[in-house]
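Below: one structure, written as structure tokens.
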Amino acid sequence: MASTPPHCSITATKPYQNHPYPQNQLKNNHHRQTHHQNPQPHWTTHKVSLTKPPLSPSPRNAPKPAATSTTTNQNPKPFHSLAPLPSSKSELAPNFSGRRSTRFVSKMHFGRPKINMSTRHTSVAEEALQHAIHYAKDDKSLDSVLLNFETKLCGSDDYTFLLRELGNRGEWSKAIHCFDFAIKRERKKNEQGKLASAMISILGRLGKVDLAKNIFETALNEGYGNTVYAFSALISAYGRSGYCDEAIRVFDSMKKFNLKPNLVTYNAVIDACGKGGVEFKRVLEIFDDMLKNGVQPDRITFNSLLAVCSRGGLWEAARNLFSEMVNRGIDQDIFTYNTVSYNTVLSIYAKLGRFEEVMDICKEMESSGIRKDVVTFNALLGGYGKQWKYDEVRRVFAEMKAARVSPNLLTYSTLIDVYSKGGLYKEAMELFREFKQAGLKADVVLYSALIDALCKNGLVESAVSLLDEMTKEGIRPNVVTYNCIIDAFGRSAIAECPVEDGDRDIELKKESSNLNKVLTMDDKEGQLVGRADNQIIQFFGQLAAEKAGQAKKENRCRQEILCILSVFQKMHELEIKPNVVTFSAILNACSRCNSFEDASMLLEELRLFDNQVYGVAHGLLMGCRENVWVQALSLFDEVKQMDSSTASAFYNALTDMLWHFGQKRGAQLVVLEGKRRQVWENVWSDSCLDLHLMSSGAARAMVHAWLLNIRAVVFEGHELPKLLSILTGWGKHSKVVGDGAVRRAIEGLLTGMGAPFWVARCNLGRFISTGPMVAAWLRESGTMKVLVLHDDRTDSENSRFDKISDLQTLPL
DNA sequence: ATAGGGTTAG
């Protein structure tokens, strides 16, 4: 076990720990016992110990791994030195599970669609698929469909297509039936092998490990399963269901069968280890084995290794791996690898919005004769969609269909999400309809995206009823689903009423009534679109109509609070573990409460989730800074372990809540602590204050601190820079395009203080001034008074604290 | 044939 405590990671949630292990796999599970079972019963609230000393940071004195740039591909040996480092364990950790926590759960749901990347299947196969979906209600009718098509279907490629597409639709039973049908009719062992590995992979993606194992064993017995593909598929199947010991066992057994693992096999087993919480040292052994056998690791290998590190909190090791990756030239050599690599790079560039590079890669792929597969297309669609390049999205989607690459759940999920985020609800609705027509089933991620779209538009109650629908459909919501809803609390009440344009209004009403007509037609159409689906389509119609700003807002707040409490209730019932995002969401919800009483109800929910986070939030809110500050610091230590946007979101939420309830000084302390810990990158210099990553409360508290800071500069007799600027952004970073809440808040703040700043000519989100003007203002007698912040509520004990830590003397 | 895409907290 080396020095790593089993639960020190920030990704402590192990969603699969709830899966019942198959009976035959419970033996020899020593390892799993230690790793998979969270020793803390989740729903107990631990006692707050306000005297608890702050956590010590991770030791920095551990020996540095010696991954250096001298390493070459031919001599890859430095990895033994990447020993796991001891890392601090905190009691907060179990709740502070990072974002990765739900990924795995969501991937367990229906159809991890993975379809044949080539278009080797014939159009007959597509026709057969339609028949199998729509007409085959039982085994018998499926048989007759298959018999009907038997002579026209072209070998294993057509059958593989059929299996995969059925798998994409969650129809594992039909898929197995087709597999049995196909295997009987196939003579060549090689082709039977293809069918078998495809079938194993499909079942693996659907989380049906036991069935996958059956197929595998039969294939072995019948003499067509002895391939590296079948083994790799089974390893991956075990891995994605969390049975990493089984995955390793299968991997080890390959030797007996004289099979040499290849890159994919190694990647699958390393990935399984990552998901299964295997300690880093053990994974490195496999990695070394890989290198010894001359299999070159690729980006996926490294990513999986990195996941193991981050899981174990082994940040040093992760950093070293990363630099090793760069040293190995993974980035540079990527094009000499294979399609996989292409897709990985492509999706990275697409996410970054670097479309020139994306186009280059596409061209490169075309010239090397590598076909774009569903993953390639999905990456392109997501990339263009996130940049709001909807024309490109349409073009790529058309190209995809022309290339006869079937859009899958992820394709539609991506598209529906980007269209909803862009406010193109009609398009989103049409895609949802197409998605249902294709016979695909929504999973938790798609539902969460839909729920989020409703929430972001203030339709919290509709979101909650969709939550109920998905539960009824047998799809288990995850923490993300709940976080979306919690974070939406109060949004509708504070949402601005857009300035109405009469004509536009009428247009939208027309559009909305058209939508309703389409809806009615759909009902007649019949079976394909079910109850929940109709509801979703209705919601999109509602959203399209709500764009006209017709929302009735009376009583909303009251209803919403009841609604949100019922959501918490459901979360408890389903035993959904909260994470740091949940806490941020609750704090944000508090900021939207009009009364202290409402906020208290929400804080009470926070207390039930995590007494310690509650202790800090509540303590600061009540002005008991001195008592909770130590506790707060240890909380911030934990938050610092998250990725930067998660961390800053938490600081933003906490600060906003404090600011909202008049604890401005407390808010400022939190913000300065965040700055000290570099939660927001490069917040300030003497000439510039960059607020674009901050919430409005955090930004305002920061403006005060910054101005006090340059006031000190002035009073020390130094000159200010000629030009001073405050950047607020103008909504570019906002998920709501052009929102600019921070900009408005700062504008109001500066005006209110009489600070001589004005909006820069070419940039609405930038306030500027000159050094001399600001200096003169800062010298005015009344300025200091408006700059220093106070709390509405203070504990008498705190006056002493205030005096010592007068702002100018704070370590900034 | 086996791996790799999508959702929340700005």
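Lettering of chains follows the sequences in order, A, B, ..., and the numbering in each one begins at 1.
The interatomic distance linking A:Asp452 (CG) with B:dG6 (P) rounds to 16 Å, in whole Å. Following rounding to the nearest Å, A:Lys456 (NZ) and B:dT8 (P) show an atom-to-atom distance of 7 Å. With rounding to whole Å, A:Ile485 atom CD1 is found 13 Å from B:dT7 atom C1'. Rounded to whole angstrom, the span from the CG atom of A:Asp443 across to the C1' atom of B:dG5 amounts to 12 Å. Between the C1' atom of B:dG5 and the CG atom of A:Asp373 lies a distance of 9 Å, rounded to the nearest Å. For the pair A:Tyr384 OH and B:dG5 C1', the interatomic distance rounds to 16 Å; values are reported in whole Å. Summarising the geometry, the separation between CG on A:Leu450 and C1' on B:dT8 is reported as 13 Å, rounded to the nearest angstrom. Between A:Glu186 atom CD and B:dA1 atom C1' there is a gap of 13 Å when expressed in whole angstrom units.
Classification of A:Lys372 and A:Glu399 as a salt-bridged pair holds, one side-chain N sitting under 4.0 Å from a carboxylate O.
Checked against the 6.0 Å centroid criterion, the rings of A:Tyr390 and A:Tyr384 do not qualify as a close aromatic pair. Taking the six-membered ring wherever Trp is involved, the centroid distance between the rings of A:Phe179 and A:Tyr159 does not fall below 6.0 Å.
At a cut-off of 3.5 angstrom, counting only N and O atoms as typed in the model, there is a donor on one side and an acceptor on the other between the side-chain of A:Ser413 and the base of B:dG6. If you check distances only, the side chain of A:Asp271 never reaches the base of B:dG4 with a donor-acceptor pair under 3.5 Å. Residue-to-nucleotide contacts include a donor-acceptor pair under 3.5 Å from the side chain of A:Asn408 to the base of B:dG5.
A:Asn262 comes within 4.0 angstrom of a nucleotide base, judged by non-hydrogen atoms across all strands. Residue A:Ser584 is out of contact with every strand shown, counting any heavy-atom pair closer than 4.0 Å. Note on A:Asn267: a base of the nucleic acid sits closer than 4.0 angstrom, heavy atoms only. No engagement by A:Ile486 is indicated, since no non-hydrogen atom pair under 4.0 Å with the nucleic acid exists.
Closest contact between the side chain of A:Val375 and the listed nucleotides B:dA1, B:dG4, B:dT7 involves B:dG4. Each of B:dG6, B:dT8, B:dG5 was ranked by its minimum atom distance to the side chain of A:Leu409; first place goes to B:dG6. Side chain of A:Asn483, nearest nucleotide from B:dG6, B:dT8, B:dT7: B:dT8. With B:dA1, B:dG6, B:dT8 as the choices, the nucleotide that has an atom nearest any side-chain atom of A:Thr414 turns out to be B:dG6. Nearest to the side chain of A:Asn378, among B:dG6, B:dG5, B:dG4, sits B:dG5.
Here the CD1 atom belonging to A:Ile286 is positioned 12.0 Å from the OG1 atom belonging to A:Thr265, to the nearest 0.5 angstrom.
Counting non-hydrogen atoms of neighbouring residues, nucleotides and ligands closer than 6.0 angstrom, the NZ atom of A:Lys189 exceeds 12 such neighbours.
Inter-residue side-chain proximity for A:Val639 and A:Tyr651 is flagged as met; some heavy-atom pair is nearer than 4.5 Å.
The phosphate of B:dT8 (OP1 or OP2) has a side-chain N or O of A:Lys421 nearer than 4.0 angstrom. Checking the phosphate oxygens (OP1, OP2) of B:dG5, no side-chain nitrogen or oxygen of A:Arg205 falls inside 4.0 Å. Checking the phosphate oxygens (OP1, OP2) of B:dA1, no side-chain nitrogen or oxygen of A:Lys188 falls inside 4.0 Å.
Taking the O4'-C1'-N9-C4 or O4'-C1'-N1-C2 dihedral as appropriate, B:dG5 has a value within 90° of 0 and is therefore syn.
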